[in-house]
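Atom set for the values below is all heavy atoms of this structure, side chains included, hydrogens, waters and symmetry mates excluded.
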Amino acid sequence: MGGRRPRAAVLLPLLCLWAALPGGCPNKANKHKPWIEAEYQGIVMENDNTVLLNPPLFALDKDAPLRYAGEICGFRIHGAGVPFEAVILDKATGEGLIRAKEPVDCEAHKEHTFTIQAYDCGEGPDGTNTKKSHKATVHVRVNDVNEFAPVFVEKLYRVAVTEGKLYDRILRVEAIDGDCSPQYSQICYYEILTPNIPFLIDNDGNIENTEKLQYSGDRVYKFTVTAYDCGKKRASDDAEVEIQVKPTCKPSWQGWNKRIEYTPGAGSLALFPSIHLETCDEPLWNIQAMVELQTNHVAKGCDRDNYSEKSLRKLCAASGEIDLLPVPSPTANWTARLSVHYSQDSSLIYWFNGSQAAQVPVMSGLNVHDGLSDHFTLSVWMKHAVVPSKGRREEETVICSTVQSEDGYSHYSLSVHGCRIAFLYWPLLESARPVKFLWKLEQVCDDEWHHYALNLEFPTVTLYVDGVSYDPALIHDNGLIHPPRPEPSLMIGACWTEEKNKEKNKGNENSTDTVQGDPLLIHHYFHGYLAGFTVRPGSLESREVIECLYACREGLDYSDFDSLGKGMKVHVNPSQSLLTLEGDDVETFNHAIQHVAYMNSLRFATPGVRPLRLTTAVKCFSEESCVSIPDVEGYVVVLQPDAPQILLSGTAHFAHPASDFEAPDGVPLFPNLQITCSISHQVEAKKDENWHGTVTDTRMSDEIVHNLDGCEISLVGDDLDPEREYLLLDGALLQQRGLELVNTSAYLTITGVESIAVYEEILRQVTYHINRGAALYERKFHLSCTEMNGRYSSNEFSVEMNVLHNMNQAAHPNHMLNSQQFIHRGHHLPPELSGHSLASTHNNPMVPSAATIIIVVCVGFLALLVILGILRIHSLHRQGMGQEVPGDAAGGHAGTGSKESDLFWDDSALTIIVNPMEVRSSHRNLGWGVQLGCQSLPLTIVSSLQSYQGCQERAAENCEGRAGKGMEEDDDSSDSETPDSPDSNDMDDRHIIGKNDSAHRY
């Protein structure tokens, strides 16, 4: 037993020593794991791949110095997409290295975080039983390299400054750098490269001026700036700066035109399309603007339909009105004392000076009180003259009336008091209480023309001002008003009162000029203008008719309510002459005012100037330094509209026999008259890209309603002779159409608004009539028409009429043709009458007036030949008397023969040879003859002349024959008959022009 234990003790140490020797037996005891730090911080440069770690990368193993078990074989990195790797530098010491697999980019990732593990070599070369360390966290920061240059945000910086100021900062330029680190990504300073300019730039890019800039000097400064980052790298591209010097800033409206042109028919036109408010950087919190269009100089306050008051009422289907201020006449003389003016539409305007009035007589024939109790319409144009006074303003009466009805007496009055208008109505003076209706309107006291229409349907009262209705304030009077005298009375421009003592105590309140026939005291005189004062008793005017008559056709308009900004308010007054805007934001306000427009719905707008004013009031946060905006004044020019062209056409020259003119109906002057109306306007036409021009496009405007308001027929030459000629026109047709006729011996006029077709129908019925036996041969008439109250005129259409007269049949010598006819049905018209309407089928000889000159020349030539012949005969007779022998006179027969021989023509000195067939043929074609005294001389010159005595004998025979036949001639011989006057029964419905020179109106 003792021998075995020593041997075992010796063998065990030997085995251990052998295992420790190289090449000995492998170590089966890898007991410990490697150890590394828990966290590493690393830095890597963009241009390098080695990571500098803190602390350095070392792995330790407690199994050292054992082979394999105490050695570190490597490091393993954990994480997806980690751009780094770890390598072992020394297995025995466990030193390692982390490096980038590829170049890293700081701009893409500034930091990387991942985990790392170390592992030993295990228990043998095959790496069995390898042990791993714990995982350590590695933070790697990528250090930046200055690889990017600064870049400016803008290539060009532009700003405007006001002269005379030193600015702390005019503008700021800015550059950026693409590097990731603060050192290289920050811009450290800027620099101005352009020398000798009065500007500086700081390290933040702020530019300021070193001296006050003057608008009178350089108005624009241009210079270049650059930037540097903290790595002193300069910007790749420099920036340009442009500073504009403006004159001293004055808060005002900018970007508007003083003159604004408006083309009629263009609809709505923006007045300030590019306007904006310059506040000079003053903060505002409220803006109010008022746009005012002044149209008081256009007609009665604004552009309305271009017709007279009477014509407009007809067009708007208004009827039943009674004119309270008519034209002074013997039957309507209450307006004779008033001062009269004429408006642009030719209507009368009456001026009331505050001391006179017009009292309408009860028996005036107007019947203004018939049906005038509790249903009527008052209508008047009024321009109230506001008279400044130190004391209390007095009431002014426009109309005052007491009306008698079946139930008793009622009273009403319309008056103005300052800017108020009042209507007092007393249903029954005996029992009911008076009721007053009040309206407070700016139109009453603005010293402008306005139209007022009051509809009374008691107890309802409606007031229309310029076609816009207004609701009243109702006041019941407590009987303080003294009731008027119960008798019918009507006064315009004042009112009467029975409180004489009270009025006397007031002193010089108004003039005491009383109206003739009224014993009562007159007071409350009106001061201003009145026109078109009418009353419609028993019925009311409809709203549509009132708007048609008196609504303005032009005014201000706002066209973009849908896009109106937040906080904006827009208001347009009823007459569309004033538009108000209110807001709190400048940009929103600019947008709103750019949509203020002018509109005119008339196709033929009244051309001219409409003054325009823009008034602005602002409120600032600082009341002490609040700005003031000056007014904007301009004008709208309404251009001349495309004028309608009225064309009159028809037959301009014709002839009729005298019998047609002598007929009861006469001859129509314009049987085929045509009236057309067209509008010509200029349009742009381009044939190719290089050609510009205009072409006139005339189109018939049948689709547009056109009316005429008057036509005139005038005479050329002498006036009509009432004893011989006159014009005829059917008066019933005129009355049916509501047209008026004015006739004199010099012209005929038809007035009133009607369609072209109606005027054509009427004018075609105008006829010309002459009395029998009137020696009239031709007449010439002019016709012209107008529309739009005479604003547009037609062409002057001329008509020439020829009267063809019959000639008496005369006795002819045996060698001439008796009763020669010079006009036959089968003959063609001569060239002188070609192109005219010769409406004659008469077979008797005619004398056209166109041949009068030829006849006179021929008669004169023939008279010269007769005189020469008489002188020649007288000379031969004297010669024969000188050669007669005394004593031979006893032979009577011989003496007679000698005298007869002396009377024969001696053709030895004068011989006239004329072909009678040629003369007769030519005169047959002309169709005329001539009558000289009672002798009919044919226009055929014979080859020889008979004796003077024989000529006279034949002339005497012809005269006796004509005298015997004169009473038996028929109607073909008009010269021998007594003129007949037209039958009175045929003239009942006709008006004769020339019979009376005084004018007649219908």
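Judged by distance alone, with hydrogens and angles left aside, the side-chain atoms of His134 form no donor-acceptor pair with the main-chain N or O of Trp35 at under 3.5 Å. In terms of modelled atom types and a separation under 3.5 Å, the side chain of Asp204 and the main chain of Asn206 share no donor-acceptor contact. A donor-acceptor pair under 3.5 Å links the side-chain atoms of Trp285 to the main chain of Cys620, judged by distance alone. Of the possible donor and acceptor atoms, none in the side chain of Tyr558 sits under 3.5 Å from a partner among the backbone N and O of Ile593. In this structure, the side chain of Asp179 does not engage the main chain of Ser181 through any donor-acceptor pair within 3.5 Å. Checking side-chain atoms of Ser133 against main-chain N and O of Ala118 turns up a donor-acceptor pair under 3.5 Å. Side-chain N or O atoms of Asp218 include none that pairs as donor or acceptor with a backbone N or O of Tyr221 at under 3.5 Å. Asp585 places no side-chain N or O within 3.5 Å of a backbone atom of Gly567 that could act as its donor or acceptor partner. Proximity of a side-chain donor or acceptor of Gln594 to a complementary backbone N or O of Ile275 within less than 3.5 Å is detected. In terms of modelled atom types and a separation under 3.5 Å, the side chain of Asn257 and the main chain of Ile260 share no donor-acceptor contact.
Between Leu97 and Val51, the closest heavy-atom pair is CD1-O, 4.3 Å. Looking at every heavy atom in both residues, His527 comes nearest to His384 through O-CD2, 3.4 Å. Minimum heavy-atom separation, Tyr40 to Pro55: CD2-O, 3.1 Å. Scanning both residues, Tyr228 and Ile187, for their nearest heavy atoms gives O-CG2, 3.2 Å. Here the closest heavy-atom approach between residue Leu213 and residue Pro198 is recorded as CD2-CG, 4.1 Å. Closest approach of Asn146 to Gly231, counting heavy atoms only: ND2-CA, 3.4 Å.
Residues Pro264 and Val638 form a side-chain contact, since some pair of their non-hydrogen atoms from C-beta on lies under 4.5 Å apart. Here the side chains of Val225 and Thr194 are not in contact, with every heavy-atom distance at 4.5 Å or above.
With no hydrogens or angles considered, no side-chain donor-acceptor pair links His571 and Thr580 at under 3.5 Å. For the 3.5 Å distance criterion, the side chains of Thr115 and Gln117 fail to qualify, holding no donor opposite an acceptor. Between the side chains of Ser274 and Trp256, not a single donor N or O lies within less than 3.5 Å of an accepting N or O. There is no side-chain donor-acceptor pair under 3.5 Å between Glu39 and Thr137. Judged purely by distance below 3.5 Å, without hydrogens or angles, the side chains of Asp238 and Thr224 never pair a donor atom with an acceptor atom.
Annotation: the span from Ile629 atom CD1 to Ser252 atom OG amounts to 7.0 Å, rounded to 0.5 Å. Separating the CD1 atom in Ile170 from the CG atom in Asn209 is a distance of 4.0 Å, to the nearest 0.5 Å. In this structure, CE on Met290 lies 6.0 Å from CD on Glu292, to the nearest 0.5 angstrom. Atom CD of Glu154 and atom CG of Leu171 lie 11.0 Å apart (nearest 0.5 Å). To the nearest 0.5 Å, the span separating CG on Asp642 from OG1 on Thr263 amounts to 8.5 Å. Rounding to the nearest 0.5 Å places SG of Cys280 at 10.0 Å from NZ of Lys250.
Arg99 has a carboxylate O that lies under 4.0 Å from a charged side-chain N of Glu85, or vice versa, which qualifies the two as a salt bridge. Checked for salt-bridge contact, Glu242 and Arg158 meet the test: a charged N lies under 4.0 Å from a carboxylate O. Looking at Glu554 and Arg610, a side-chain N of the basic residue comes within less than 4.0 Å of a carboxylate O on the acidic one, giving a salt bridge. With salt bridges taken as basic N to acidic carboxylate O contacts below 4.0 Å, none links Arg169 and Glu208. For the pair Glu174 and Arg172, the salt-bridge criterion is met [side-chain N within less than 4.0 Å of a carboxylate O].
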Side chain to side chain donor-acceptor pair (under 3.5 Å) between Gln576 and Tyr598, intermediate numbers included: CA-CA 10 Å; Gln576 295 183 287; Tyr598 169 81; over 6 Å; no
Derivation and outcome, side chain to side chain contact (heavy atoms under 4.5 Å, CB included), residues Asp447 and Lys383: CA-CA 6 Å; Asp447 198 20; Lys383 182 179 180 181; 3.8 Å; yes
From CA spacing to verdict: side chain to side chain contact (heavy atoms under 4.5 Å, CB included), Leu581, Val596: CA-CA 10 Å; Leu581 301 98; Val596 176; 4.1 Å; yes
Derivation and outcome, side chain to side chain contact (heavy atoms under 4.5 Å, CB included), residues Phe75 and Val87: CA-CA 6 Å; Phe75 297 92; Val87 296; over 6 Å; no
Stepwise side chain to side chain contact (heavy atoms under 4.5 Å, CB included) test for Leu612 and Tyr635: CA-CA 5 Å; Leu612 189 68; Tyr635 53 91; 5.6 Å; no
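The aromatic rings of His450 and Tyr452 lie perpendicular to each other, with more than 60° between the two planes, well past the 30° mark. Using bins of under 30°, 30° to 60° and over 60° for the plane-to-plane angle, the ring pair Trp449/Trp381 lands in the perpendicular bin. Between Tyr190 and Phe152, the two ring planes are tilted [angle within 30° to 60°].
Counted within 6.0 Å of NZ on Lys232, heavy atoms from surrounding residues, nucleotides or ligands total 12 or fewer; the atom is thus considered open. For Lys569, the NZ atom is loosely surrounded, since the number of other residues' heavy atoms within 6.0 Å does not exceed 12.
Pairs of residues two or more places apart, or lying in two chains, that qualify as disulfide (SG to SG under 2.5 Å) and include a residue from residues 174-204 are Cys106-Cys180, Cys188-Cys230.
Centroid-to-centroid, the aromatic rings of His112 and Phe84 come within less than 6.0 Å.
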